[in-house]
**Student:** 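Before I ask anything, here is the structure I am working with.
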Amino acid sequence: MKVGVLFFILIIVFSYNINCSQKISVIGTGYVGLVTGACLSSFGHKVICADIDTSKIQKLNNNIIPIYEPGLTELIAKERQENRLLFTSDIPNAIKESDIIFIAVGTPMSADGSADLTALYAVLETIGHNINSPKIICIKSTVPIGTCKSIKPFLSKIINQKLIKVVFNPEFLREGSAVQDSLHPDRIIFGGSKKAINVLQDTFISLINKNVPVITTDLTTAEMIKYAANAFLAIKLSYINEMAQFCDKIKADCGVVAQGIGLDKRIGNLFLKPGPGYGGSCFPKDSQALLNSAKKNDMPLHILKASVKVNNKQIKYIFNQLLNLMDNNLHGKTVAVLGLAFKANTDDVRYSPAIPFIKNLQKHNCIIKAYDPIASENMKHEFPDIIYSTNIYDACKNADAVVILTEWPEFANVDLSLIKDLVKTPILLDTRNIISTEILDNLEFNYTNVGNCKVK
Ligand code: UDX
């Protein structure tokens with residue numbers, strides 16, 4: 001009797017484990033796809049990460065991670081050792097070998113501001129031509145509202161649409177903390193077919209068991225959640241950046257203002273740091289895509305439109321701060337630019353405020369000496385001809401002005417008296433409010449930051 005009960009329990013545990021481990025492919029190995037694939041593998045699934053970029057796949061198969069993302073190298077190494085995570089450029093085979101296909105390809109901004117869906121539809125076509133059994137297609141890429149609904153009709157031209165179910169599962173990870181964000185998300189959103197969502201809930205059961213809130217809804221609402229979240233955060237940033245400009249004018253301390261308002265739980269203290277304006281692969285693109293979508297639906301989104309305008313003006317404002325510090329005389333001057341990534345802890349320079357800032361310096365014929373701990377290589381594609389220094393002090397040597405554009409911790413801890421000795425003139429613009437104003441005062445720097453903040 002006892003043996004029978006034990007046998008029964010073993011069967012349940014065994015079959016539960018089998019059901020829990022799913023065959024998944026993730027197509028697209030950028031910041032989202034690679035992190036998603038590694039995390040899904042860490043949940044115990046068999047994951048194939050696929051990409052048409054053969055050199056990227058070759059690197060990954062040689063344990064070289066093509067992006068900088070804290071914790072990712074270690075996670076991928078561990079999952080590969082467990083034989084749960086594979087990399088391939090054979091997308092048709094990855095499709096055939098999996099029951100769930102996550103699509104995480106880029107949807108960059110086109111010239112007209114709309115999202116370019118070429119890569120997404122190319123993957124869908126490949127799925128259509130290689131499908132060998134029923135599949136769940138789970139879209140991770142941020143797509144314009146209505147895209148997910150159009151996938152079944154699109155694929156029905158190639159295959160029997162009963163073979164596929166579509167789910168939209170937006171990604172909220174931030175670059176620089178992507179692994180942490182994926183393993184400890186604030187929420188999981190599923191939009192689409194109920195049956196498919198049930199399967200995907202098993203995919204994420206490790207998180208759901210940790211009480212991560214789950215929202216299940218229709219495709220369009222899920223698409224809207226992703227855009228509305230990013231747009232809200234972008235608006236919050238433009239709001240504080242505009243307040244910072246006003247604080248500069250009236251000599252109020254925007255850091256204290258942010259602290260004072262952020263303690264109100266309804267406002268919250270995150271995303272209230274004034275700076276050079278938001279950048280990155282999401283906020284600029286997603287704000288524009290949502291505006292486009294709204295325009296198509298005859299719905300002017302006044303607040304979002306204003307926030308985009310404020311953000312575009314912010315970098316000009318920052319540049320004017322430098323001009324003021326230099327008595328409007330920048331022509332031919334040497335400027336040390338510290339920080340090229342759009343934020344700290346990433347090598348990503350997409351829509352980095354450093355790009356328009358450097359372009360403006362070039363218009364003034366400045367000699368630009370740039371330094372970033374890890375993003376210089378990526379910035380060389382945009383600016384092959386500026387000087388790339390190998391450390392902060394080298395960049396600052398003989399500079400007429402120093403500008404901090406990214407909040408890397410090593411900039412906050414810089415030896416300011418050494419900098420003062422190295423530069424031609426002690427002029428500093430801190431667009432991230434990370435340099436101690438107390439020390440700058442003591443060393444008699446001519447400086448400014450964003451929003452007249454006192455920094456300890
Ligand atoms: C963002 C969203 O946070 C994430 O949920 C979504 O999935 C993708 O887009 P990411 O672009 O990686 O993530 O960076 P994030 O940390 O959100 O910062 C975006 C921009 O805002 C950066 O340019 C950053 O420097 C700026 N920022 C952020 C500020 O200027 N001040 C702040 O207080 C916070």
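All values reported here derive from a predicted model rather than from experimental measurement. Order of appearance sets the numbers: ligands from 1, and atoms from 1 within every ligand.
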**Student:** Which value, rounded to the nearest 0.5 Å, describes the distance between K265 atom NZ and I267 atom CD1?
**Tutor:** 12.0 Å
**Student:** Would you say NZ of K149 has more than 12 non-hydrogen atoms from neighbouring residues, nucleotides or ligands within 6.0 angstrom?
**Tutor:** no
**Student:** Counting from 1, what ligand 1 atoms have a heavy atom of F283 closer than 4.0 Å?
**Tutor:**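 Near F283, the atoms of ligand 1 are 1 (C), 2 (C), 3 (O), 9 (O), 17 (O), 19 (C).
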**Student:** Give me the nearest non-hydrogen protein atom to atom 22 (C) of ligand 1 as residue plus atom name, then the distance to 0.1 Å.
**Tutor:**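 Checking every protein heavy atom, the shortest distance to atom 22 (C) of ligand 1 gives F342 CD1, 3.6 Å.
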**Student:** Return yes or no for this condition: an N or O of L173 is under 3.5 Å from an N or O of ligand 1.
**Tutor:** yes
**Student:** Geometry only, no angles: is R432 polar-contacting ligand 1 at N/O separations under 3.5 Å?
**Tutor:** yes
**Student:** Only pairs under 3.5 Å count here: list side-chain donor-acceptor contacts from residues 376-385, not counting sequence neighbours, and write none if there are none.
**Tutor:**
residue, atom, partner, partner atom, Å
E377, OE2, K380, NZ, 2.9
N378, ND2, D347, O, 2.6

**Student:** Looking only at heavy atoms, what is the nearest atom pair of M326 and I427, with distance?
**Tutor:**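 Taking M326 first and I427 second, the nearest heavy atoms are SD-CD1, 3.7 Å.
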**Student:** Do D441 and Y447 have a side chain donor and acceptor closer than 3.5 Å?
**Tutor:** yes
**Student:** Can you find an N or O of G279 that's nearer than 3.5 Å to an N or O of ligand 1?
**Tutor:**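 For ligand 1, there is an N or O atom that lies under 3.5 Å from one belonging to G279.
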**Student:** Evaluate the side-chain proximity of F168 to T220: yes if any heavy-atom separation is below 4.5 Å, no if none is.
**Tutor:**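 A side-chain contact under 4.5 Å is absent here.
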**Student:** Would a 4.5 Å heavy-atom cut-off, applied to side chains only, mark D51 and I27 as touching?
**Tutor:** no
**Student:** Which of the atoms in ligand 1, numbered in the order shown and given with their element, are less than 4.0 Å from a heavy-atom of E175?
**Tutor:**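 With E175 as reference, the close atoms of ligand 1 come out as 12 (O).
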**Student:** Is any side-chain N of the basic residue among K454 and D253 closer than 4.0 Å to the acidic one's carboxylate O?
**Tutor:** no
**Student:** Classify the angle between the aromatic ring planes of F319 and F357 as parallel (below 30°), tilted (30 to 60°) or perpendicular (above 60°).
**Tutor:** perpendicular
**Student:** Quiz question: by atom type and distance under 3.5 Å, do the side chains of T107 and K285 form a donor-acceptor pair?
**Tutor:**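 Short answer, yes.
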**Student:** Near K343, which atoms of ligand 1 are under 4.0 Å from a heavy atom of that residue?
**Tutor:** 10 (P), 12 (O), 14 (O), 15 (P), 16 (O), 25 (O)
**Student:** Any N/O of K226 closer than 3.5 Å to an N/O of ligand 1?
**Tutor:**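 Such a contact does occur with ligand 1.
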**Student:** Which ligand 1 atoms does C282 reach within 4.0 Å, using its non-hydrogen atoms?
**Tutor:** 8 (C), 9 (O)
**Student:** Should the proximity of L270 to ligand 1, defined as any heavy atom under 4.0 Å, be assigned to the side chain, the backbone, both, or neither?
**Tutor:** neither
**Student:** Closer than 4.0 Å to some heavy atom of L272 - which atoms of ligand 1 meet that?
**Tutor:** 33 (O)
**Student:** Are a donor atom and an acceptor atom from the side chains of Y317 and D248 found within less than 3.5 Å of each other?
**Tutor:** yes
**Student:** Tell me the contacting part of K236 for ligand 1: side chain, backbone, both, or neither, using a 4.0 Å heavy-atom threshold, strictly below.
**Tutor:**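 No part of K236 comes within reach of ligand 1.
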**Student:** Ligand 1 and K273, any nitrogen or oxygen pair closer than 3.5 angstrom?
**Tutor:** yes
**Student:** Could you measure the distance from the CG atom of N241 to the CG atom of N311? Nearest 0.5 Å is fine.
**Tutor:**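 One finds 7.0 Å between CG of N241 and CG of N311.
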**Student:** Can you tell me if G275 contacts ligand 1 (heavy atom of the residue under 4.0 Å from the ligand)?
**Tutor:**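 Checking ligand 1 against G275, which is what was asked, there is no heavy-atom contact under 4.0 Å.
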**Student:** Ligand 1 and F172, any nitrogen or oxygen pair closer than 3.5 angstrom?
**Tutor:** yes
**Student:** Which heavy atom of the protein is the closest neighbour of atom 13 (O) of ligand 1, given with residue, atom name and distance?
**Tutor:** R174 CG, 3.6 Å
**Student:** Tell me, which protein residue and heavy-atom name are nearest atom 27 (N) of ligand 1, and how many Å apart are they?
**Tutor:** L237 CD1, 3.7 Å
**Student:** Identify the closest protein heavy atom to atom 17 (O) of ligand 1: which residue and atom is it, and at what distance?
**Tutor:** F271 CZ, 3.1 Å
**Student:** Short N/O distance, under 3.5 Å, between Y278 and ligand 1?
**Tutor:** no
